[in-house]
Structures are given as structure tokens and as C-alpha cells.
There are 2 protein chains.
Amino acid sequence: MSPFQEAPVTSSDKTFIALRADVVEGVIKAGAKLSEAELSTNYGVSRAVVREAINRLENASLVERKANVGAKVVTLTLDGLIQLYQVREALEGMAARLAAQNMSDDEIEELQSLLNNHAKQVKNGESYYQEAGDVDFHYRIVLGSHNQQLISMLTNNIYHLVRMYRVQLGMAGPRVTTAFAEHTNIVQAISHRDAELAELLMRRHILYSKNNIEAKLRTIP
Amino acid sequence: MSPFQEAPVTSSDKTFIALRADVVEGVIKAGAKLSEAELSTNYGVSRAVVREAINRLENASLVERKANVGAKVVTLTLDGLIQLYQVREALEGMAARLAAQNMSDDEIEELQSLLNNHAKQVKNGESYYQEAGDVDFHYRIVLGSHNQQLISMLTNNIYHLVRMYRVQLGMAGPRVTTAFAEHTNIVQAISHRDAELAELLMRRHILYSKNNIEAKLRTIP
DNA sequence: TGAAGTTGGATTGTCGACAATATAGAGAGT
DNA sequence: ACTCTCTATATTGTCGACAATCCAACTTCA
């Protein structure tokens with residue numbers, strides 16, 4: 001289905017995931033201070049596991065910590081969004097390149113059928129699932145790179161921050177059908193094993209997406 | 001001087017840095033198990049701070065942890081090295097592109113003079129400082145990107161892992177003068193504010209470096 | 001009035017003890 | 001001899017208490 005980490009086993013894992021969700025979804029507001037004691041009672045665990053969860057969030061760039069002072073949820077800025085998308089462009093571009101080289105024929109076929117499902121949804125105007133579909137699409141390609149380092153960086157860190165921006169600054173917008181066309185071209189490049197083109201198209205796709213969001217944001221804050 | 005993090009203030013910071021150094025330099029061998037109790041006595045701190053240090057090392061991809069089992073130092077493989085350099089190519093390529101756009105004239109001038117010093121050293125055959133010089137060069141450009149996300153990923157994670165491979169598999173090799181020529185071209189592109197070319201040259205530079213190391217390694221393990 | 005120094009309260013950092021889990025080895029059965 | 005089960009032990013996960021640090025409010029002095 002969707003981006004799944006390994007199943008959480010330890011209490012610390014669950015707390016980390018719950019806390020991350022609350023930060024990403026805005027239940028805990030951007031810029032808010034994270035009190036260890038307060039979170040400890042809220043999640044019903046000891047301060048030690050809260051601390052561990054906060055540490056992990058720090059590495060994911062979702063909170064900032066200062067020694068002897070505490071941790072704050074990051075603040076969302078236009079500049080931060082741009083920098084994030086620059087990194088994303090570099091990493092996902094490479095992912096597309098590697099996917100064109102390394103994906104198995106089966107994986108490519110699944111990617112194709114995923115795209116076909118999206119095509120139906122676009123025709124039916126089911127805009128809700130468009131977001132999930134977009135995530136799925138990018139996720140498949142990242143996995144297809146078969147590069148663990150790359151997969152880890154994108155799925156553990158960058159995607160959560162991207163989602164935090166999307167959710168809290170209310171992205172959804174048009175760009176559905178045009179993005180779908182771009183997806184189609186990328187898959188075509190991959191299935192032709194054209195690594196160079198796959199990277200180029202993916203980078204442009206993300207760049208367009210950035211420009212689109214950026215334009216919307218400049219009108220608000 | 002050299003890549004410096006923020007000064008370590010807390011006991012946990014110091015332990016993390018000491019432990020990381022021991023892992024990178026091979027004092028603790030690749031693949032070895034990390035016993036929390038043992039490290040606790042060795043570094044003279046409580047298990048809690050050792051655990052925090054290990055967690056941070058995990059995010060830096062220097063150790064792998066399994067719940068209820070423990071942490072092991074990563075094992076160094078050819079495949080791991082290749083994947084690492086693929087990520088490095090993507091990120092540093094983007095860094096060079098952004099550096100060409102964002103570096104101040106002063107920063108570029110400092111980069112130039114750094115290169116001049118290297119030129120002298122290369123002529124004198126001081127091969128030792130070549131490594132430090134190379135690190136310095138790349139570090140400056142990464143900082144010049146003015147992209148915090150990018151800077152953090154490279155300096156906190158990737159560079160330490162790269163160094164671990166270099167140290168433990170005994171890199172040094174020739175490629176000194178030829179690498180210097182590549183550096184020169186990159187700086188030229190940056191000072192011309194040619195972002196496209198700067199990225200291209202940096203990516204090729206890292207790709208060559210990867211191929212060089214890879215060729216050496218294939219003869220050994 | 002304003003600036004520097006001081007103190008109290010609250011928050012984070014560190015510690016040792018206890019609980020939960022995995023793994024190696026012994027033992028039983030075939 | 002081999003496999004399976006079960007137990008013992010060592011290691012990690014979690015907890016509550018104590019120590020160190022920061023910050024704000026208050027006092028003191030020019």
C-alpha cells in the first residue's frame with residue numbers, strides 16, 4: 001500500500017511515530033515548544049522515551065533542539081520550503097536515474113498499472129486520492145532505486161517534512177492533470193531504461209511542483 | 001580550518017563525538033557489536049548517554065540497531081560504497097549548483113586562495129595534506145550552497161561515512177594532480193556563476209573518484 | 001530611572017535500578 | 001545423531017529520582 005516503515009515494536013517507536021504524526025499534522029503547532037514532562041504525561045510514557053523520540057525528530061529536521069534549553073517544532077518558512085525542494089530535486093532525480101537502471105521488469109509493470117489506476121481517478125475527478133496517488137508514485141520510484149541510503153533519507157526524513165508543509169500550508173491546488181502527464185513521461189523513460197532522461201524529467205517535475213507551491217505561498221505570508 | 005560542528009557542551013555530545021571517531025577510525029572494528037554496558041565503563045558515563053550516542057550514530061548510518069538485540073557497526077561493502085557515492089554525487093552536484101548561485105564574492109575569493117595553497121603543496125609533493133585539502137575544498141562549496149538541509153546531510157552524515165571507507169580501506173592513491181585540475185575547473189565555473197556547469201563538473205569529479213576507488217577495491221575483497 | 005548582580009523556580013541532563021526480551025545451551029524425546 | 005522444547009543468563013528497554021543548567025523576576029546600587 002503506502003509508505004510503511006518497519007512495524008513499531010518498542011514503546012519508544014510508538015511514541016516517536018505518534019509524536020511525529022502530531023507534529024506533521026499540526027496537532028502540535030509549528031514553532032511550539034516541546035516540554036518533556038508534558039509530553040511524558042500526554043503519551044503515558046517516561047521522560048526517557050520522550051527524549052529518545054524527540055532526538056529522532058531532530059534528525060528528521062522536524063524539531064530543533066538546544067542543549068539545556070529544550071526542543072521546538074521547526075517553523076515553516078518559504079526559504080525552508082525552497083531549500084527542502086532543492087534537496088528533494090537532487091535526491092529524487094538520482095532515484096529516477098537509478099530506478100531506470102535497477103528496477104526489475106516486474107516493478108516497472110506494477111508502476112505502469114499504478115499509473116493506469118490514477119488515470120481512471122483523474123477522469124472521475126476524484127481529487128482526494130490524487131495526493132495519496134502522488135505519494136505512492138514517488139515512493140515506488142525511490143524504492144526502485146535499490147539504494148538503501150537514498151531510500152532512507154527520503155522516506156525517513158524528507159517526505160515527512162514535505163508533508164508537514166503540504167498539510168499546514170494547505171496545498172492541494174490544481175496541477176492534478178498536468179502532474180499526471182509528467183508522471184506518465186517519467187514512467188516511459190524508466191521503462192525505456194533511459195536513465196538520463198528519467199532523471200531530467202523527475203527533476204523538472206519537482207521543480208515545477210516547487211514553483212507552483214512557491215507562487216501560491218508568496219500571495220499569503 | 002576544518003569541518004567543525006558546534007562545540008560539544010553536554011556529556012552526551014562528547015561521548016557521541018568520541019564514539020563516532022572510534023568507529024570511523026576503526027578503533028572499534030566494522031561489524032563489531034556495541035555493548036552498552038561495555039561502552040558505558042569505557043567512556044565513563046552512564047548507559048543513558050551511551051544509548052543516546054548510539055542513536056545518533058544510527059541516524060548517521062554508522063551503526064545499525066535492532067530492537068531488543070543491540071547495535072552493530074556497519075560493515076563496509078563495495079555495494080555500500082557505490083550507493084554512498086551515488087548519493088554524494090546527487091547532493092554535492094546540487095551543492096555546486098547552488099554555490100555558483102549563492103556564494104558571495106568574498107567566499108569565492110577565499111575558495112580561490114585555498115586552491116592556490118593546494119597548488120603549491122601539489123608542486124612540493126606534500127601528499128599528506130592533500131587529503132585534508134580535498135576535504136576543505138568540498139566543505140567550502142557545500143557551505144557555499146547556503147542550504148542548511150544540504151549542509152547538515154553532508155557534514156553530519158555522509159562525510160563521516162565517506163571518511164570511514166577511506167580510512168579503513170586505505171585510500172590515498174594517486175589522482176592527486178588530476179583531482180586538482182578538476183577542482184580548478186569547478187572553481188572557475190562557480191566564479192563565472194555558471195551553475196549548470198558547476199553541477200556537471202562536480203558530479204563528474206565525484207563519479208571519477210568513485211570509479212577510481214571502485215577499481216582499487218575490486219582487486220582486494 | 002536604569003543597569004548590573006542575585007536568587008528562586010522550572011526544565012533539561014545524568015544516573016542507577018528494575019522490567020522485558022532475545023539468545024545460547026542443556027535436556028528430553030525420537 | 002538430530003530436532004525440538006525449555007530454561008538460565010545476559011542484554012536491552014523503561015522508569016523515577018537526583019544533579020546541573022538556564023531564565024525570569026527581584027533586589028541593589030549608581
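Every chain is numbered from 1 and lettered A, B, ... according to where its sequence line falls, protein lines coming before strand lines.
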Nucleotide N/O of nucleotides 11-21 of chain D paired with protein N/O under 3.5 Å:
from	atom 1	to	atom 2	distance (Å)
dT11(D)	O3'	Lys33(B)	NZ	3.4
dT12(D)	OP1	Lys33(B)	NZ	2.9
dT12(D)	OP1	Leu34(B)	O	3.4
dT12(D)	OP2	Glu36(B)	N	3.4
dG13(D)	OP1	Asn68(B)	N	3.2
dG13(D)	OP2	Arg51(B)	NH1	2.3
dG13(D)	OP2	Arg51(B)	NH2	3.2
dG13(D)	O3'	Thr10(A)	OG1	2.9
dG13(D)	N7	Arg47(B)	NH2	2.8
dG13(D)	O6	Arg47(B)	NH1	3.0
dT14(D)	OP1	Thr10(A)	OG1	2.6
dT14(D)	OP1	Ser11(A)	N	2.6
dT14(D)	OP1	Ser12(A)	N	3.3
dT14(D)	OP2	Thr10(A)	OG1	3.0
dC15(D)	OP2	Ser46(A)	N	2.7
dC15(D)	OP2	Ser46(A)	OG	3.1
dT21(D)	O3'	Asn68(A)	ND2	3.4

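In summary, the side chains of Asn116(B) and Gln112(B) do not present any donor paired with an acceptor at a separation below 3.5 Å, with no hydrogens or angles considered.
Enclosure of atom NZ in Lys14(B) is not indicated, since only 12 or fewer non-hydrogen atoms of other residues, nucleotides or ligands lie within 6.0 angstrom.
The aromatic rings of His183(B) and His138(B) sit perpendicular, their planes meeting at an angle over 60°, well past the 30° parallel limit.
Partner of Arg56(A) under the side-chain hydrogen bond (donor to acceptor under 3.5 Å, both in side chains) criterion, chosen from Asn156(A), Asp13(A), Thr15(A): Asp13(A).
In plain terms, the two heavy atoms of Thr75(A) and Gly31(A) that are nearest each other are CG2-CA, 3.8 Å.
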